[in-house]
There are 2 protein chains.
Amino acid sequence: MGDVFKALADETRRAILDELAERDDQTLFEICSRLAMNHGLGSTRQAVSQHLDVLEEAGLIHSERRGRYKFHTLDTSPLAQIAERWHPKDSP
Amino acid sequence: MGDVFKALADETRRAILDELAERDDQTLFEICSRLAMNHGLGSTRQAVSQHLDVLEEAGLIHSERRGRYKFHTLDTSPLAQIAERWHPKDSP
DNA sequence: TTGACATGCAAGTGGCTGCTTGCCTAAGCT
DNA sequence: AGCTTAGGCAAGCAGCCACTTGCATGTCAA
């Protein structure tokens with residue numbers, strides 16, 4: 001699952017996860033404005049949209065379309081295995 | 001600490017961490033041969049050396065020079081904060 | 001000291017990636 | 001219907017990054 005690591009490699013994408021961790025079910029424009037407000041990031045709508053694609057591809061967020069809005073929710077389950085991959089070896 | 005995430009974004013670097021998780025105090029050539037044996041990676045010595053620099057910059061490994069050998073050891077402590085950064089929010 | 005071995009340094013290159021630009025689709029409101 | 005709003009698609013561009021190539025440094029053994 002190298003997609004998860006590559007998705008986390010970008011600062012803007014980590015900021016998006018930060019925002020979704022504070023409030024779920026946010027639309028694209030909500031995320032855009034919150035990135036500008038809370039993180040000082042002036043990313044374009046298309047740029048954020050592409051970031052959301054990468055994050056969803058990695059399984060870190062899920063999206064659901066309701067009417068003309070698309071709501072995004074955080075999924076932290078792929079992060080669990082990261083810390084556990086390089087466990088210090090227990091000698092037998 | 002974006003360096004940690006960027007360091008983990010590369011497959012070869014993750015394989016290096018895998019090898020160091022199994023045995024500490026490995027030299028550059030040991031790591032090279034183990035990458036070829038266990039992971040099927042035909043990386044050059046210089047390529048692996050640069051990967052080791054990135055990993056050390058990120059604080060994921062430490063190195064110690066003894067004579068003409070340089071031994072590398074794994075340090076998993078930067079990984080702890082990763083899983084804890086996007087904790088599900090506890091409602092007050 | 002001489003040679004072999006382990007590693008370091010630095011410039012150059014190809015491919016990936018984040019971002020922009022421009023246009024398009026679709027849903028809701030009046 | 002007509003307009004606005006939320007989002008999607010795709011091509012192009014610039015910077016970064018992993019890798020190579022060639023040479024240099026330093027250490028041990030004979």
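Computed from a prediction, not measured in an experiment: that's the story for all the values here. A note on names: the letters A, B, ... follow the listed sequences, proteins ahead of strands, and every chain is numbered from 1.
Listed by first then second residue, pairs satisfying salt bridge (Lys or Arg N to Asp or Glu O under 4.0 Å) with a partner in residues 27-49 of chain B read B/Glu19-B/Arg34, not counting sequence neighbours.
Contacts of residues 25-45 of chain B with DNA chain D (heavy atom under 4.0 Å): B/Thr44. Taking a 4.0 Å limit (strictly below) on heavy-atom distances, residues 54-72 of chain B reaches DNA chain D at B/Gly67, B/Arg68.
For DNA chain C, the outermost nucleotides in 5' to 3' order that have an atom under 4.0 Å from a heavy atom of chain A are C/dT17 to C/dG28.
Along DNA chain C, the nucleotide nearest B/Asp53 and the nucleotide nearest A/Gln50 are compared for position; the residue whose nucleotide lies closer to the 5' end is B/Asp53.
Counting heavy atoms from C-beta on, the side chains of B/Thr76 and B/Leu17 never come closer than 4.5 Å. For the pair B/Asp53 and B/Leu55, the minimum side-chain heavy-atom distance is 4.5 Å or more.
Atom-to-atom distance recorded for A/Gln81:CD and A/Arg85:CZ is 9.0 Å, nearest 0.5 angstrom.
If you check D/dC9, D/dA18, D/dC19 against the side chain of B/Thr12, the one that comes closest is D/dC19.
Taking the side chain to side chain contact (heavy atoms under 4.5 Å, CB included) definition, one finds that A/His62 meets it with A/Thr73, A/Asp75, sequence neighbours left out. A/Asp24 pairs by the side chain to side chain donor-acceptor pair (under 3.5 Å) definition with nothing, not counting sequence neighbours. Every residue two or more places apart in sequence or in another chain was checked for a side chain to side chain contact (heavy atoms under 4.5 Å, CB included) with A/Arg65, and none qualifies. For B/Asp10, there are no side chain to side chain donor-acceptor pair (under 3.5 Å) partners two or more places apart in sequence or in a different chain. Under the side chain to side chain contact (heavy atoms under 4.5 Å, CB included) criterion, A/Val4 pairs with A/Met1, A/Leu8, A/Ala58, A/Leu60, A/Pro78, A/Ile82, sequence neighbours left out. Here A/Ser63 pairs with A/Glu56, A/Lys70, A/His72 under the side chain to side chain contact (heavy atoms under 4.5 Å, CB included) rule; sequence neighbours left out.
Summarising the geometry, the separation between CG on B/Asp10 and C1' on D/dC16 is reported as 13 Å, rounded to the nearest angstrom. Between A/Leu52 atom CG and D/dA6 atom C1' there is a gap of 13 Å when expressed in whole angstrom units.
Residue A/Ala15 comes nearest to A/Leu35 through the heavy atom pair CB-CD2, 3.7 Å, listed as atom of the first residue, atom of the second, then distance.
A/Phe71 belongs to a hydrophobic cluster with A/Tyr69, counting contacts under 4.5 Å between side-chain heavy atoms of Ile, Leu, Val, Met, Phe, Trp and Tyr, direct or through other members.
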### Query
Taking it one step at a time, do A/Arg13 and A/Glu11 satisfy salt bridge (charged side-chain N to carboxylate O under 4.0 Å, His left out)?
CA-CA 5 Å; A/Arg13 284 196 285 267; A/Glu11 167 89 38; over 6 Å; no

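Terminal axes of the helix from C/dT1-D/dA30 to C/dT30-D/dA1 (five pairs each, C1' rotation axis) are separated by 30°, to the nearest 10°.
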